[in-house]
Amino acid sequence: MDWNFIIFSVVKIAVAIGVLHAIAAYAVLAERKISAWIQDRVGPNRVAPPFMKYIPVLGPVLTRWGIFQPLADGLKFMLKEDFTPAGVHKAYFWIAPAVAIIPSMIVIAVIPFGSVMGHQQMVIANLNVGILYTFGIVSLGVYGIVLAGYAANSKYPFLGGIRSSAQMISYEISMGMSVIPVFLIAGALNLSSVIAWQAQHGWLVIYAPLSFIIFLIAGFAETNRLPFDLPEAETELVGGYHTEYSSMKFALFFLAEYSNMIAATGMMTTLFFGGWTLPFWGLDQPAHSIGIAIVQILIFLAKMCALMTVFIWVRWMFPRFRYDQLMDLGWRRFVPLAVVNILVTAIVLWAIS
Amino acid sequence: MHVGLEHYLTVSFLLFALGLLGVIMRRNLLVIYMSLELMLNAANLALVAFSRFNNKLDGQVLVFFIITVAAAEVSVGLALIVALYRRRRSAHVEDLTSMKF
Amino acid sequence: MANTFPDILFYVFAVLTLGCGALVIANPFSRNPVTSAMFLVLTIISMAGLFVLLHAFFLAAVQILVYAGAVIVLFLFVIMLLDLKAETMRRIKIYGFIAGIVSVGAILAIFMKSLGATPLNSDSAPAVEGNTEPLGKLLFTHYVVPFEVVSVLLLVAMVGVILLSKKNLD
Amino acid sequence: MKYELLPWLTLFLPLFAAVFITLFTLRCKTLSSFISIGAIVAGFILTVVFISANGFQIRAESVRTWLSIGNLQVDFGLKLDALSLMMMLIVTGVGGAIHIYSRGYMREDPGMARFFAFLSLFTFSMLGIVLANNFVQLFIFWELVGVSSYLLIGFWFEKPSAGDAAKKAFIVNRLGDFGFLLGILMVWGLLGSLNFSQLQGQLAANSQALGTMATIAGLLIFCGAVGKSAQFPLHVWLPDAMEGPTPVSALIHAATMVAAGVYMLCRVLFVLNADALQVVAYIGGFTALLSALIAIQQNDIKRIIAYSTLSQLGYMVMAVGLGGPTPAMFHLTTHAFFKALLFLSAGSVITALHHEQDIWKMGNLKSKMPVTFWTFLAGALALSGIFPFSGFYSKDSILGQALVRHNYLLFGVGVFVACLTTFYIFRLFFVVFLGKEKSDLSSHAHESPPVMTGPLLVLAVFSVIGGYIGIEGIYNRMFAAQPETSAGFAAALVAPFHAAPMAAWLGILAFFIGLACAYGLYAKADKDPLPEILGPLATAMKNKFYFDELYEGVFVRAHDCIAAVMNGIDRWLVEGFCIGLIRGGTDLTGRCLRYFQTGNLQTYAFLFVLGVVVALYVVLR
C-alpha cells in the first residue's frame with residue numbers, strides 16, 4: 001500500500017469537503033440574494049463582525065452583500081436548543097440527519113474537479129464504474145428522508161418522507177436512463193474518460209441536449225427543489241420530513257440539500273459541459289503546471305456555480321407541481337422520452353459506425 | 001492465511017444459514033421476507049466468488065438475473081402482504097393458518 | 001502488504017456482513033421491523049464491499065442500486081404503510097427453535113461434507129474483472145434469451161402488483 | 001347415372017329437418033310440421049325424379065370412404081338398385097302420406113314439433129338402412145331406427161304404459177341386435193369384408209367360403225330380423241308398441257321399420273344357406289299362425305291390426321325362408337299400403353271417438369264416417385286377399401312360392417292363416433262399422449278433416465291397384481335370373497290364376513270361409529260370442545298365449561336372480577373388500593398426512609429444507 005496515495009487521498013477528501021461546505025454555505029446566501037433580486041427586495045446586506053468596516057479599503061467591501069451572513073446562520077444553528085420531541089423513535093431521529101448527509105458528501109468522490117496537479121489526479125476515486133457508483137450512492141439518499149419522516153412519529157413529516165422517497169425513486173429511473181446516451185457516445189463509464197472525450201470532440205450538451213434537459217429536471221426532483229419540492233411543501237405539510245427537527249440536525253438536512261445540489265451540478269458539469277476543460281487557450285489538455293491546474297479547478301467551480309444559479313433561478317421562477325402531475329411527468333413523459341433518446345442515439349451511432 | 005474461495009463460500013454459507021434461521025424462527029412476514037433476501041444474497045456471493053476464482057463471467061451474469069428476479073419477487077410478495085394485511089389486519093404468520101386441514 | 005490489505009478488508013466486510021445479517025434476524029435491542037430493514041441495508045452495502053474485493057464492480061454497484069436503492073425502500077414503505085407496531089416479545093416457540101437448529105445443522109453438515117470432498121482450484125490466479133463491458137457483452141450475446149425472459153418476468157410482476165394493489169380486489 | 005346427388009339429398013334432408021326443428025323451431029308447431037313434411041315430400045319427389053331419369057335397372061354404388069382402420073375399411077355408401085329404390089319410394093311415399101296425416105292427427109298435441117323432429121329422424125334412419133351398402137352402415141342405421149322407434153313409442157312419456165312399452169321395444173330389439181352384431185362380426189372375421197357387393201362376389205365365387213359357420217352366421221344375422229320384424233320368439237314388443245301415436249304405429253310398426261327386417265334378409269340373402277333358410281321359413285310360418293290366432297280374440301282396435309301386422313310379417317319371412325325374396329318384397333310393398341291404410345283409418349276412428357280404442361264401444365260408424373268406412377273396407381279386403389285387391393296378388397305369390405318348394409305344410413299354414421286373417425279383420429269391421437252403436441261415443445262420432453282423409457284415399461287407391469301395376473316385375477328383375485317379359489294389363493290382372501291356380505283358388509276359398517264365419521258370428525253381435533264356443537282356447541288367445549307371463553316368469557325372474565347375485569358380489573366383494581381396502585388405506589394415509597398440513601408457513605419451510613437436504617445428500621453422496 002502506497003503511503004503517498006493514502007496521504008494525498010486524505011488531503012483531497014479534506015479539501016473537497018471543505019470547499020463543498022463553503023460552497024454550500026454561500027449557495028444559501030446566493031439563494032437569498034437572488035430571490036431578493038427576483039422579488040425586488042434587498043436581501044441580506046449588512047451582516048459583518050463588529051469593527052470590520054473600519055478595515056481600510058477592504059472594510060466597505062466586506063460589509064456589503066451580506067458576505068458574513070452564512071457565518072451568522074451557522075452560528076445560529078449551532079447555538080439553538082437541540083430539541084427532541086416526545087414520542088419520537090429516538091435512535092432513528094438521531095441517525096436520520098447523518099444518513100441524509102453522508103451520501104451527498106461521498107457522491108462527489110468520483111467527480112473529477114480538475115486535471116492533474118503534479119502527479120495527482122484531481123479526483124478522489126477514479127472508478128471505472130463511476131456513474132454507477134454515483135447512482136448507487138444517490139439512491140441511498142432516500143434513507144435519510146424516510147427515516148426522518150418515520151422517526152418523527154408525526155403525520156406531516158411522515159407524509160413528507162413517503163412523498164419524497166417515492167419521488168426520488170421514480171426520478172432516479174429517468175435520471176439514470178437519461179445519461180445512458182452520454183456514455184454511449186463517450187464509450188466509457190469512467191467520468192475522466194468522458195471529460196477526455198469532451199476535450200477532444202466538444203461538449204456533450206451539444207450531442208445530447210435531450211439527455212441534459214431530462215437530467216436537469218430530474219435533478220430538481222432528486223434534490224427536492226422547486227418546482228418539485230413536494231416533500232417540504234410548506235402550505236401542505238408545514239415543513240415536510242424535517243418539521244420536528246431543530247438546531248444542527250435541521251442544519252444537516254439543509255446542508256444535505258445543498259450538497260446534493262452541488263453534487264448534481266458537478267455531475268452535470270462533468271457529463272455535459274466538459275468538466276474542467278475549456279475549448280480554447282489549451283485548457284482542454286491536462287495541466288503541466290500547478291497554475292494551470294488551479295485555473296482548471298476554478299473553471300470547474302465556475303461552471304458549477306453557473307448551473308447552481310440556474311437551480312436557484314428556477315426555484316424562484318416556477319410554481320410547485322401537484323403530486324400526481326409530478327408522478328405523471330416522471331413516469332409517463334420522461335421515462336419514455338429517455339428510452340426513445342437511448343434508441344435514437346444508439347441507432348445514430350450504429351449508422352455512423 | 002491467504003483469502004481464497006473457501007473463505008467466501010464460508011461467509012456465503014453462514015449468511016445463508018442466518019437467512020434460513022430467520023425464515024424458520026421469525027414470525028413477522030416482513031422479516032421472513034428480509035431473511036429470504038439474505039439467503040438470495042448469500043447465493044449471489046457464492047456465485048460471484050465462483051465466478052472470480054474460476055475465471056468465468058457466467059456466474060456474475062447469473063447474479064444479475066438473480067437480482068432481477070429478486071426485485072420482481074419482492075414487489076409481488078410485498079403486494080401480497082399488503083393485500084393480506086388489508087384483509088386480516090395482521091402480518092404475523094401464526095395468524096395466517098387458514099390453509100390448515 | 002499488497003496482499004494483506006485486501007485480506008484485511010475481506011475480514012472486515014465479512015464480519016460486517018454476518019454481524020448485520022444476524023441483527024436482521026434477531027436484534028436484542030429492538031424488535032422493530034424498521035431496524036431489521038436498516039441492518040439489511042448495511043448487510044447489502046457490506047456485501048457490495050465483498051463484491052468489490054472480488055472485482056465484480058458492476059455487480060457491486062447494481063447490488064446497491066437495486067437492493068439498497070429500491071428493494072429495501074419498498075420494504076420500508078410497506079412497514080410504514082402497514083404501521084406495524086414493534087413486535088411484542090412472544091415466547092420463543094421451542095418447536096420453531098428446534099426446527100431452525102435442525103435445518104441449519106443439516107445444511108451445515110451437507111456443506112462441510114461437500115466442501116471437504118471437493119477440491120477447490122483457487123490456486124490458479126484469478127483474473128476475471130467484473131467490468132461493465134465484458135458483462136454486457138456476455139449478457140447481450142450468449143445470455144440474450146434469458147435476459148429477454150427476465151424482462152418479461154418483470155413485466156408480469158409489474159402487472160401482477162398493480163392488480164394486487166387495487167383496492168377492490170374482491 | 002344421372003343426378004347422382006339426389007339420393008344423398010333424399011337421405012340427408014330429413015336429418016337436416018330433424019336437426020333444424022330440434023335446434024330452432026321447437027316452439028313453433030306449424031313451421032316444424034311443414035319443415036318435416038317438406039323434407040320427406042321433397043325426398044319423394046327427388047326419388048321419383050331420379051328413378052324416371054335412370055330407371056330401376058341401375059345397380060350402382062355411390063361411395064365415400066368413411067374410416068379405415070388396419071384392413072377394416074368402412075365406407076359410407078349408397079347402394080342403388082331396384083330393391084333400395086323401391087324401398088325408398090315406399091318409405092318416402094307412404095311415409096309422406098303418414099306425415100301429412102299426422103299433421104291432422106297431432107293437431108291438438110303440445111309436443112307436435114318434437115313429434116315431427118322424431119319422425120324426420122326416423123325417416124333419415126330408415127332411408128339409411130335402405131341405402132346402406134355395407135354391414136356397418138346398415139347396423140348403425142339399424143340402431144338409429146331403434147332409437148327413433150323408442151322415442152316415438154314413448155312419445156307420450158307421461159303415460160307409464162308408453163314408457164314401459166318403449167323400454168320393452170328397445171330391450172327386446174337389443175336381444176336381436178346382439179345376435180345381428182355377432183353375425184356381422186362373424187362374416188367380417190371369415191370373409192374380411194363388409195361391403196355387400198364384395199361379399200356377394202366372394203360367396204358367388206366360392207359358396208363354401210363361410211365353411212361350417214355358414215348356418216350359424218346366417219341365423220345370427222336372422223336374429224336381427226327377428227328382433228326388428230318382431231318374429232317369434234321376440235314378437236312381444238310390437239303389440240305393446242301401439243302405445244305410441246297412431247301415425248307412428250302406421251309408419252313404423254306397419255309400413256316401414258318392421259319391414260326393415262324382411263328387407264335386410266332380402267338384401268343379404270346371399271349369406272343365408274339352405275339350412276338357415278329352412279329355420280327362417282318355419283319361424284315365419286309359426287309367427288304368422290300364432291299371431292293370427294291371437295288377433296282373433298283381441299278387443300283393442302289397434303292391437304288387432306298390430307297382431308295382423310305380425311302375422312303378415314310372418315308371411316314375408318316365410319317367403320324369404322322359402323327362397324322367394326320377390327314375393328316377400330312384393331307382399332312387403334302391398335302390405336305397406338294396406339296396413340298403413342288400416343292403421344290410419346283406425347286412427348281416424350280413434351280420434352273421432354276421443355281416443356277410445358275398445359271395439360266393443362264402437363259400432364255403426366258407417367253412416368257417420370263414410371270416407372273412413374270405405375277406405376277401411378278397401379284395406380280390409382286387401383288384407384284378406386280377395387281378387388282383385390293388391391293383397392291377393394302378393395299373398396298368392398307367397399303361397400305359390402310354397403308350392404314351388406313343395407313345402408305343403410307351410411302352404412297349409414298359409415291358407416289357414418289367410419282364412420283366419422279374413423275372419424279377424426271382418427270381425428273388427430263388422431263390430432266397428434256395422435251393427436248397433438254400442439256406446440254414446442260412437443253415436444257422436446263424425447268424419448275426420450281432409451288432411452287426414454286425403455292420405456287415406458291415396459293409400460286406399462294403392463291398396464286396391466297395388467297388385468297389378470308392375471311392382472312384382474321390378475323386384476323380379478332384381479332377383480330372378482331371367483326377367484319376365486312384361487305382360488299387358490289384363491294379363492297382369494289374372495296372372496296368378498295362370499301361375500299358381502291352386503294357390504289362387506284356395507286363397508279365395510279361404511277368404512269366403514273367413515268372411516262367412518265373421519258375418520255369422522259378429523254381424524249383429526253386442527258382445528263377443530267366441531269365448532263360449534272355444535272355451536279355454538279363447539282365453540288363451542285373449543291372453544296372447546301367455547307369452548308375456550312366460551317371459552316374465554322365466555327370463556325376467558332368471559335375470560333378477562343373476563342380478564341379485566351380481567349385486568351381492570359387487571356390494572360385498574368388489575365394493576366391500578377391494579374398493580374398501582383402497583379407500584380405507586387412502587383415508588388412513590390422508591388422516592396421517594394431514595397433520596403435516598398445519599397451515600403454518602414455517603412448518604412448510606422446515607419440511608422443504610429437510611427435503612432439500614435429503615435431495616442434496618442423495619445427489620452429493
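Proteins come first, then strands; the chains are lettered A, B, ... in the order of their sequence lines, and each starts at number 1. This is a predicted model, so every value here is computed, not measured.
- Heavy-atom neighbours of C:Lys113 NZ from other residues, nucleotides or ligands within 6.0 Å: above the threshold of 12.
- Atom CD1 of C:Ile107 and atom CZ of B:Phe13 lie 7.0 Å apart (nearest 0.5 Å).
- Shortest non-hydrogen contact noted between C:Gly21 and B:Leu38 is O-CD1, 3.8 Å.
- The minimum heavy-atom distance linking B:Arg26 with C:Ser36 is given by the pair NH1-OG, 4.4 Å.
- Contacts with chain B (heavy atom to heavy atom, under 4.5 Å) involve these residues of residues 66-76 of chain C, listed by number: C:Val66, C:Tyr67, C:Val71, C:Leu74, C:Phe75.
- Residue with the most contacts toward chain C among B:Leu21, B:Val63, B:Val61, B:Ile81: B:Val61 (heavy-atom pairs, distance under 4.5 Å).
- Between C:Val104 and the options B:Leu18, B:Leu14, B:Leu20, a side chain to side chain contact (heavy atoms under 4.5 Å, CB included) holds for only B:Leu20.
- The choice from C:Val24, C:Val156, C:Leu108 that makes the most heavy-atom pairs within less than 4.5 Å of chain B is C:Leu108.
- A 4.5 Å side-chain heavy-atom check between B:Asn44 and C:Gln63 finds at least one atom pair inside the cut-off.
- Considering only heavy-atom pairs separated by less than 4.5 Å from chain B, the leading option among C:Leu53, C:Ile162, C:Leu138 is C:Leu138.
- Annotation: maximal heavy-atom pairing with chain C below 4.5 Å, among B:Val11, B:Leu15, B:Leu78, B:Thr68, occurs at B:Leu78.
- For C:Ala26, the part lying under 4.5 angstrom from a heavy atom of chain B is the backbone only.
- Separation of atoms CG (C:Leu139) and CD (B:Gln60) is listed at 11.0 Å; rounding is to 0.5 Å.
- Neither the backbone nor the side chain of B:Ile32 comes within less than 4.5 Å of any heavy atom in chain C.
- Minimum heavy-atom separation, B:Ala79 to C:Val161: CB-CG1, 4.0 Å.
- Ring pair C:Phe10/B:His7 is perpendicular by interplanar angle, where above 60° counts as perpendicular and below 30° as parallel.
- Separating the OH atom in C:Tyr143 from the CG atom in B:Asp58 is a distance of 3.5 Å, to the nearest 0.5 Å.
- B:Met34 and C:Pro33 make their closest contact through CE-O, 3.7 Å (heavy atoms, listed as atom of the first residue, atom of the second, distance).
- For the set B:Phe16, B:Tyr33, B:Phe64, the count of heavy-atom pairs under 4.5 angstrom toward chain C peaks at B:Phe64.
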(message) Between C:Ile44 and B:Asn41, does the side chain to side chain contact (heavy atoms under 4.5 Å, CB included) criterion hold? Intermediate values first, please.
(response) CA-CA 8 Å; C:Ile44 299 289; B:Asn41 272 303; 3.1 Å; yes
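- Smallest separation of non-hydrogen atoms from C:Ile25 and B:Gly22: CG2-CA, 3.7 Å.
- For the set C:Ala99, C:Pro146, C:Ala14, the count of heavy-atom pairs under 4.5 angstrom toward chain B peaks at C:Pro146.
- We find the CG-CG distance between C:Leu54 and B:Leu5 to be 9.0 Å, quoted to the nearest 0.5 Å.
- Within the 4.5 Å cutoff, no side-chain heavy atoms of B:Leu45 are placed close to those of C:Thr17.
- Of all the listed residues (C:Thr43, C:Leu153, C:Leu154, C:Leu18), the one sharing the greatest number of non-hydrogen pairs under 4.5 Å with chain B is C:Leu18.
- Smallest separation of non-hydrogen atoms from C:Leu164 and B:Arg86: O-NH1, 4.3 Å.
- Between the OG atom in B:Ser12 and the CE atom in C:Met47 there is a gap of 8.0 Å [rounded to 0.5 Å].
- Rounding to the nearest 0.5 Å places CG of C:Leu50 at 13.0 Å from CZ of B:Arg52.
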